[in-house]
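The analysis underlying the following values was restricted to heavy atoms, covering all of them including side chains, and did not include hydrogens, waters or symmetry mates. Counting from 1, the numbers follow the sequence of the chain as shown.
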Amino acid sequence: MSVAVSVKTHALPNVCLRRVVKTNPKGAKTECVLTEGNSILVSNFVASFIRAGDELLFPLEHEAVDAGTQIYIRKTNPEERRWDVFQAEIGYATQPRKDKRNNLFVSAEVPNSQLGISAINVRCEALRDYFYVGNRRRGWDRQSSFYELLRVNPKVSPAELRLAFKLRTLELRTTHAPTGDLRALERAFNVLARPELCACYDALLNDPTSPALFPYGGFGSLLVAGDISRDGSTFYASRILSFLPEQKFKHFRAALRKVAYYDDRAIYRDSRRKLEVLFDQTSLPLLWDSSWNQWKHLLGTKIGLKATFIQSGKYQQRGGAWNLAQWETALPSRIEVAMPSNIAEQIAEVRQTHHRFGQFAEALGLIRTRIESAPVERTDLQKLCAELGIPADFDISLITWKPDYDAFYYKQLSKRARRLYLFQSEYIFDLERAVIAETPQLGHATYLFSKPVNMTEFLTIYGRVAREDIRHNRGNVAERLGFLRRIIHGHNSRAWLKELKSCLGEVVDYAEACG
């Protein structure tokens with residue numbers, strides 16, 4: 001092994017190999033004095049694995065080693081055979097597979113390798129004994145199960161599991177239990193609250209040699225003990241000493257229409273922000289079930305969401321190639337939800353609207369046929385609704401509304417409009433100084449036109465062309481319509497509003513736009 005490390009250092013630029021003379025504790029850090037008289041600071045935890053005589057391999061530019069900094073600790077004392085230690089920031093960790101000796105392992109990539117080590121292969125036993133146990137100082141056969149720690153049975157529902165976690169956490173804090181016990185309890189809950197991790201844990205309970213998943217697919221600072229390959233490119237980890245996932249605290253408002261509802265759990269996914277949150281009936285305290293998916297697109301309600309997110313990901317095959325899809329996933333134990341005070345009334349109103357869609361399906365079909373051929377003003381449609389027996393309080397604009405559309409855009413345009421026209425799957429807003437065409441669906445831009453002299457003539461021309469014709473000015477149609485520009489919705493709706501106000505000649509609140 002020493003030959004492999006020495007050979008690699010000669011081939012690597014900006015890498016230093018030094019022997020440790022002694023270690024000096026200095027508060028939250030430990031100074032490692034090296035043979036050349038210089039020194040490097042490491043965390044006290046990393047220092048606990050360093051002895052005088054060990055060799056350290058680390059990048060030259062680092063005067064201190066923090067979590068994620070690459071460092072290799074090579075043991076040199078032949079009388080005390082110990083594993084070498086390696087710390088690095090890892091990316092994606094593969095699904096379990098077997099090596100040539102039929103041992104199960106996962107391989108975690110080391111992005112931006114500075115020491116020549118591009119992957120860490122971790123045995124599934126090491127994963128099991130780090131992520132799937134309550135007490136990491138005990139062997140697997142001496143562990144209390146996660147179910148025992150939470151005092152629940154294995155058939156517990158997600159909502160009951162969260163309630164048990166809250167009660168046990170309160171009990172431990174009341175009795176001033178050690179921090180390690182609280183962390184073990186949180187680890188147990190975070191494993192059992194994720195279906196794929198719970199299934200993995202149950203399999204390990206039945207057979208300790210079963211494949212073990214690296215939770216959330218890796219991504220974080222990993223400190224492991226083991227050996228390096230002969231070519232110095234792979235570190236074979238027999239034991240995990242520490243893992244710190246990438247964590248970010250986020251506080252934002254989430255649309256309930258973006259949640260997929262199941263009978264015992266719900267999943268919020270934001271494809272733009274690349275966020276995922278898993279709810280149970282306790283964390284999202286609404287009496288929902290899978291039937292909500294039928295009408296959720298009508299629900300404009302947003303909830304306040306506070307959560308700690310960790311990086312996660314998996315490879316997906318697209319177009320014949322494998323691509324890494326990275327997401328940020330909320331830790332189940334650290335989710336807080338704030339509901340609007342009138343949430344019950346909003347849900348009841350939306351359910352009533354959905355009921356009317358079914359009740360007046362035939363009449364609404366006639367209206368959709370009417371707006372398919374030409375733009376129709378909303379008041380005319382409301383008169384048609386009355387003739388067809390649809391109640392006056394029915395919002396006719398909802399018939400073209402798509403599930404992924406953000407109501408923010410509609411509200412901003414609607415309050416500026418003197419008239420609203422429905423045409424096919426679009427809204428056409430007649431403003432004082434402009435005309436705006438909007439498709440209520442994710443991925444579509446706002447089209448801005450100058451104020452026409454004759455609105456009827458404008459609508460006649462617009463009803464005969466496609467948006468692609470307007471963008472490319474085919475047949476001079478963009479000029480005839482007075483097309484000015486497209487305003488992209490983008491990730492920040494406030495930036496969209498800033499651009500809209502600027503185009504309309506309104507005063508722009510730049511502080512609000514950047515918020």
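We find the NZ-CZ distance between Lys296 and Arg257 to be 10.0 Å, quoted to the nearest 0.5 Å. Remark: Leu185 CG to Asn190 CG distance equals 10.0 Å, nearest 0.5 Å. Distance check, rounded to the nearest 0.5 Å: CD of Glu438 to CD1 of Ile487 gives 9.0 Å. Here Lys166 contributes atom NZ and Ser283 contributes atom OG; the two are 8.0 Å apart, rounded to the nearest 0.5 Å. Residue Glu246 holds its CD atom at 9.5 Å from CD1 of Ile310, rounded to the nearest 0.5 Å. The structure places OG1 of Thr94 at 9.5 Å from CD of Glu109, a figure rounded to the nearest 0.5 Å.
Although no hydrogens or angles enter the test, the distance criterion places no donor-acceptor pair under 3.5 Å between the side chain of Ser312 and the main chain of Gly217. Proximity of a side-chain donor or acceptor of Asp54 to a complementary backbone N or O of Arg51 within less than 3.5 Å is detected. Remark: the backbone N or O of Leu17 is not paired with any side-chain donor or acceptor of Glu55 at under 3.5 angstrom. Between the Gln70 side chain and the Gln114 main chain, a donor and an acceptor come within less than 3.5 Å of each other. When atom types are taken as modelled, the side chain of Arg486 and the backbone of Tyr447 share no donor-acceptor pair closer than 3.5 angstrom. Between the Arg128 side chain and the Pro208 main chain, a donor and an acceptor come within less than 3.5 Å of each other. Using a distance-only test at 3.5 Å, with no hydrogens or angles considered, no donor-acceptor pair links the side chain of Ser144 to the main chain of Glu148. Formation of a donor-acceptor pair under 3.5 Å by the Thr76 side chain with backbone atoms of Gly53 is found in this model. Looking at Asn293, its side chain does come within 3.5 Å of a backbone N or O of Ser290 through a donor-acceptor pair.
Two residues are said to be in side-chain contact when any heavy atoms from C-beta on lie closer than 4.5 Å; Leu57 and Cys16 fail this criterion. Side-chain contact check for Leu413 versus Leu500: some heavy-atom pair is nearer than 4.5 Å. Looking at heavy atoms from C-beta onward, Thr439 lies in side-chain contact with Arg467 at the 4.5 angstrom threshold. Between Phe58 and Val15 there is no side-chain heavy-atom pair separated by less than 4.5 Å. Within the 4.5 Å cutoff, no side-chain heavy atoms of Ile335 are placed close to those of Leu284. Put simply, the side chain of Ile267 does not reach to within 4.5 Å of the side chain of Val277, judged on heavy atoms. Under the 4.5 Å side-chain criterion, counting only non-hydrogen atoms from C-beta, Cys32 is not in contact with Arg18. Inter-residue side-chain proximity for Val33 and Ile40 is flagged as unmet; no heavy-atom pair is nearer than 4.5 Å.
Using cut-offs of 30° and 60° on the angle between ring planes, the pair Tyr72 and Phe235 is perpendicular. Taking the six-membered ring for Trp and thresholds of 30 and 60 degrees, Tyr409 and His489 have nearly parallel ring planes, at less than 30 degrees apart. Ring orientation note: the planes of Phe49 and Phe45 are nearly perpendicular, at an angle over 60° on the 30°/60° scale. Ring planes of Tyr201 and Tyr132: parallel class, angle under 30° (limits at 30 and 60°).
Heavy-atom neighbours of Asn206 CG from other residues, nucleotides or ligands within 6.0 Å: above the threshold of 12. Heavy-atom neighbours of Arg173 CZ from other residues, nucleotides or ligands within 6.0 Å: at or below the threshold of 12. Environment of CZ in Arg272: crowded, with over 12 heavy atoms of neighbouring residues, nucleotides or ligands closer than 6.0 Å. Dense packing is recorded around NZ of Lys250, with more than 12 heavy atoms of other residues, nucleotides or ligands lying under 6.0 Å away.
For the pair Arg265 and Phe279, the NZ or CZ position fails the cation-pi test of under 6.0 Å to the six-membered ring centre and within 45 degrees of the ring normal. Stacking of Arg151 on the aromatic ring of Phe165 is not recorded, the 6.0 Å distance cut-off and the 45° axial limit not both being met.
Partners of Ala188 under the side chain to side chain contact (heavy atoms under 4.5 Å, CB included) rule, at least two apart in sequence or in another chain, are Phe146, Leu149, Leu150. Judged as a salt bridge (Lys or Arg N to Asp or Glu O under 4.0 Å), and not counting sequence neighbours, Lys98 has no contacts.
A side-chain N or O of Thr301 and one of Gln346 form a donor-acceptor pair less than 3.5 Å apart. Side-chain contact annotation: Ser39 with Glu31, donor-acceptor N/O pair under 3.5 Å present. The closest side-chain donor-acceptor pair between Ser157 and Asp264, if any, does not fall under 3.5 angstrom. Side-chain contact check for Asn121 and Thr234: no donor-acceptor pair (N or O, by modelled atom type) lies under 3.5 Å. Donor-acceptor pairing under 3.5 Å is recorded for the side chains of Asp270 and Tyr268. With hydrogens and angles left out, the side-chain atoms of Tyr236 and Asp99 include no donor and acceptor closer than 3.5 Å. One side chain, Gln326 or Gln311, offers a donor N or O that lies under 3.5 Å from an acceptor on the other. At a cut-off of 3.5 Å, with distance as the only test, a side-chain donor of Thr446 or Trp496 sits close to an acceptor on the other residue.
Counting all heavy atoms, side chain and backbone alike, Gly218 lies closest to Ile90 at CA-CD1, 4.2 Å. Among all heavy-atom pairs drawn from Ser210 and Ala203, the shortest one is OG-O, 3.3 Å. Val224 and Ala237 get closest at one heavy-atom pair: CB-CB, 3.6 Å.
Ring centroid separation for the pair Phe243 and Phe214 comes in under the 6.0 Å cut-off.
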Discussion item. Could you go through Phe219 and Thr329, starting from their C-alpha distance and side-chain angles, then the distance that decides it, and tell me whether this counts as side chain to side chain contact (heavy atoms under 4.5 Å, CB included)?
Written reply: CA-CA 12 Å; Phe219 305 98; Thr329 303; over 6 Å; no
Worksheet entry | Residue pair Asp406, Lys302: steps toward the salt bridge (Lys or Arg N to Asp or Glu O under 4.0 Å) verdict | CA-CA 10 Å; Asp406 191 335; Lys302 292 186 177 181; 3.7 Å; yes
Fill in: salt bridge (Lys or Arg N to Asp or Glu O under 4.0 Å) evaluation trace for Arg239 with Glu125
CA-CA 8 Å; Arg239 183 184 171 199; Glu125 290 178 6; over 6 Å; no
Item to complete: Kindly indicate, with the supporting measurements, whether the criterion side chain to side chain contact (heavy atoms under 4.5 Å, CB included) is fulfilled by Leu127 and Val106.
Response: CA-CA 9 Å; Leu127 292 170; Val106 302; 3.6 Å; yes
Discussion item. The test is ring-ring contact (aromatic ring centres under 6.0 Å, His included); show your working for Trp327 and Phe309 and say whether it passes.
Written reply: CA-CA 9 Å; Trp327 287 72; Phe309 288 82; over 10 Å; no
Worksheet item: After noting the C-alpha distance and the side-chain angles of Lys402 and Glu426, does the key distance pass the salt bridge (Lys or Arg N to Asp or Glu O under 4.0 Å) rule?
Response: CA-CA 11 Å; Lys402 302 299 180 183; Glu426 300 179 39; over 6 Å; no
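The pair Lys274-Glu328 does not count as a salt bridge, with every side-chain nitrogen at least 4.0 angstrom from each carboxylate oxygen. Asp280 and Arg162 are joined by a salt bridge, as a carboxylate oxygen and a charged side-chain nitrogen come within less than 4.0 angstrom of each other.
Sorted by first and then second residue, the pairs that involve residues 176-188 and meet side-chain hydrogen bond (donor to acceptor under 3.5 Å, both in side chains), not counting sequence neighbours, are Glu186-Ser333, Glu186-Arg334.
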